[in-house]
Protein chains: 2
Amino acid sequence: MEDNKRGAAAAAEELPGGRALPKTGKSEQTRAVILDTAMRLFRERGYDKTTMRAIATEAGVSVGNAYYYFESKEFLIQGFYDQMTHEHARAAAVRMEGVRDFAERLDIALTAWLDCAAEYHEFAAQFFRTAADPDSSLSPFSNESHPARATAVALFRDVLMDSDLAPKLDAELTELLPDLLWLHLMVVVLYWVFDRTPDTARTREFVRRSTPLTARVIALSRYRAFRPLVRDAKGLIQDFILPTIGRTPLPDRPTSTPAPTSRRRKPRKSAT
Amino acid sequence: MEDNKRGAAAAAEELPGGRALPKTGKSEQTRAVILDTAMRLFRERGYDKTTMRAIATEAGVSVGNAYYYFESKEFLIQGFYDQMTHEHARAAAVRMEGVRDFAERLDIALTAWLDCAAEYHEFAAQFFRTAADPDSSLSPFSNESHPARATAVALFRDVLMDSDLAPKLDAELTELLPDLLWLHLMVVVLYWVFDRTPDTARTREFVRRSTPLTARVIALSRYRAFRPLVRDAKGLIQDFILPTIGRTPLPDRPTSTPAPTSRRRKPRKSAT
DNA sequence: ACCGTTCTTTGAACGTGTTCAAAACCTGCG
DNA sequence: CGCAGGTTTTGAACACGTTCAAAGAACGGT
């Protein structure tokens, strides 16, 4: 990491959002103007067609000023993502009210995301592209302190906990599932990004069909016959998936299954 | 699609690789020199640090000439990907010889990929970033005519068909699995891209632990109790996953399960 | 009121990917 | 050879993201 792509240009250490919290409330307004202008232009013209010069001009500031508040053009996306995540959490909570069926709650939560993100479809493709870059601090996978993800995971915890399924599951699974459901959302997002049908109808249908299946798999996991399978799957997820996305679940349990299916040495050929 | 990002600049229609096949063998040599130089520089300095001017200079041509053969810098990646895919298929086939156990064959195939890609780890992150862009014709997901994917899927067909698991599965599943195993590879690639451990040891361990699980799930799918679950999962994959990556599996069967779990209308709120 | 310090703003300048009109080269034909 | 048609090559020019030294504003202490 000796030659960082962006080496903390300003004194920005607080948020990955671009800069530290300013003291005066004045500059926060400038920041907001720039962000709002950028979002509008992204919506209107798309990400690539919107130049930093255009954003600055439309916002009534200089281009350098935009870079004072946002480390790069990509960091403007972060602003969008944070904003949308909160909007999604609110919308989903409202729509789920009263619904107990787990599959239906999950469906509502995912569909709510599609609705929130709808008008940014074109532009969000660019966002996803950025998310796939491990060097970018915007990536929801690699950046552990991504605040938006915590919000999203909390939403899925609610999806589960207020459903009829929650009391039937053991504690461990309850601990794991919110993150897994968030991964489910990531899969849906991936599908959505590539979806070109009007109103992303295909993705909506995909959600409608996949959620009952997810619910069924989770419900099945309680049965005796799957214990070994479920146990191994849980281990895999705990040891390899969750740490990657910045979680250390079940801290009271010291790395179970030390040598999983040991001995099974393969002839590791030496290149060429 | 009225304002294409890159509108077929030259008379390039043949390959997505950048240009049509030239008549003389001479220019093909120039093309090869440019590609090889680019790959070398990518390896040495990484993608971002390698400028088109540097590639051109090192290759002994002008920068415009590089653009005559490759529509953009990203298209140079395509060359890398095609090359590596074939290398992987060859290496995996050799290593699998004689091995019958499915989990082990899968492990070998995936690990072979990690070995082939090892020296491009840094640079391939950039490739993955490109792959996540639905507008890019390099994306293995959206671009249906991606020749490299056919090669990769064929490899996984071999992984399955020459294993002890193949005769125990029904025809439908046999049809689906190669593509699904390719998706498994895509997941591993995603994991690998974000993996920063030396020699990507973590990804290797992830493969070692996940392949037996995959094998177990597939084996389980034969049992009576899962029939409905497996049937729905198959339907979902056939209708929503495979078409997206450019496949039309089981063409003899006319869209089974027309209305899956019908009626379950949710109060679809009208925006705001 | 004056100064020092920090926060904010500016816009010219730089490096990079990409484009394009023109030149150079080639090849077959009279 | 001379010339017409194509293919290949050139490098200056352009647009954009980003940087930076310097200027301006705000504010606290004396």
Side-chain angles (χ1 to χ4, degrees), chain A residues 3-14 18-34 38 41-42 45-77 126 129-130 133 136 138, chain B residues 4-12 14 18-34 37-38 41-42 45-77 126 129-130 133 136:
Chain A
D3 194 3
N4 233 345
K5 206 161 130 198
R6 332 202 165 297
E13 235 77 33
E14 279 271 19
R19 258 199 101 266
L21 277 309
K23 272 97 183 187
T24 64
K26 162 66 186 313
S27 70
E28 234 171 318
Q29 196 180 332
T30 310
R31 189 194 147 95
V33 169
I34 294 171
L41 293 184
F42 286 162
R45 323 178 181 176
Y47 184 80
D48 280 328
K49 297 259 184 63
T50 304
T51 71
M52 287 300 281
R53 285 166 179 82
I55 294 172
T57 304
E58 288 267 317
V61 299
S62 72
V63 59
N65 202 10
Y67 277 93
Y68 179 70
Y69 288 103
F70 297 93
E71 220 167 297
S72 74
K73 193 181 177 187
E74 285 184 356
F75 273 84
L76 286 164
I77 299 178
Q126 201 66 33
R129 183 193 160 102
T130 297
D133 181 0
S136 167
L138 299 187
Chain B
N4 232 345
K5 205 159 126 196
R6 333 205 162 293
E14 278 270 19
R19 258 198 101 266
L21 276 309
K23 272 97 182 184
T24 63
K26 162 67 185 311
S27 70
E28 231 170 321
Q29 196 181 331
T30 309
R31 189 195 147 95
V33 169
I34 294 171
T37 306
L41 293 184
F42 286 162
R45 324 177 178 177
Y47 183 80
D48 280 329
K49 297 259 184 62
T50 304
T51 71
M52 287 301 280
R53 285 168 179 81
I55 295 172
T57 304
E58 287 267 316
V61 299
S62 73
V63 60
N65 201 10
Y67 277 93
Y68 179 71
Y69 288 102
F70 297 93
E71 221 167 296
S72 74
K73 193 181 176 187
E74 285 184 354
F75 272 83
L76 286 164
I77 299 179
Q126 201 66 34
R129 184 191 159 102
T130 297
D133 181 359
S136 168

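Lettering of chains follows the sequences in order, A, B, ..., and the numbering in each one begins at 1. What you see is a predicted model, and the numbers here were worked out from it, not measured in a lab.
- Axis angle between the ends of the helix from C:dA1-D:dT30 to C:dG30-D:dC1, five pairs each and rounded to 10 degrees, works out to 30°.
- Within the 4.5 Å cutoff, no side-chain heavy atoms of A:Val33 are placed close to those of A:Val61.
- Listed here is the closest heavy atom pair of B:Leu76 and B:Met52: CD1-SD, 4.2 Å.
- The separation between A:Phe70 atom CZ and D:dG17 atom P is 15 Å, rounded to whole Å.
- Rounded to a whole Å, the CD atom of A:Gln29 is 13 Å from the P atom of C:dT8.
- Across all their heavy atoms, A:Glu71 and A:Tyr67 have their closest contact at O-CD2, 3.7 Å.
- Listed here is the closest heavy atom pair of A:Lys73 and A:Tyr47: NZ-O, 3.0 Å.
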Enumerate all atom pairs, one protein N or O and one N or O from nucleotides 9-16 of chain D, separated by less than 3.5 Å.
from: D:dT9; atom 1: OP1; to: B:Thr30; atom 2: OG1; distance (Å): 3.4
from: D:dT9; atom 1: OP2; to: B:Asn65; atom 2: OD1; distance (Å): 3.2
from: D:dT9; atom 1: OP2; to: B:Asn65; atom 2: ND2; distance (Å): 3.3
from: D:dT9; atom 1: OP2; to: B:Tyr69; atom 2: OH; distance (Å): 2.8
from: D:dT9; atom 1: O5'; to: B:Asn65; atom 2: ND2; distance (Å): 3.3
from: D:dT10; atom 1: OP2; to: B:Ser62; atom 2: N; distance (Å): 2.7
from: D:dT10; atom 1: OP2; to: B:Ser62; atom 2: OG; distance (Å): 3.4

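- Nearest heavy atom pair, residue A:Ile34 against residue A:Ala59, reads CA-CB, 4.2 Å.
- One atom, OH of A:Tyr67, and another, C1' of C:dT8, lie 18 Å apart when rounded to the nearest Å.
- What separates CD of B:Glu74 from P of C:dT16 is a distance of 18 Å, to the nearest Å.
- Residues A:Ser27 and A:Tyr69 share a closest heavy-atom pair of CB-OH, 2.9 Å.
- Closest heavy-atom contact between B:Arg45 and B:Lys49: O-CB, 3.3 Å.
- Taking atom CD1 of B:Ile34 as the reference point, atom C1' of D:dT8 lies 11 Å away to the nearest angstrom.
- To the nearest 0.5 Å, atoms OG1 (B:Thr50) and CD1 (B:Ile55) are separated by 6.0 Å.
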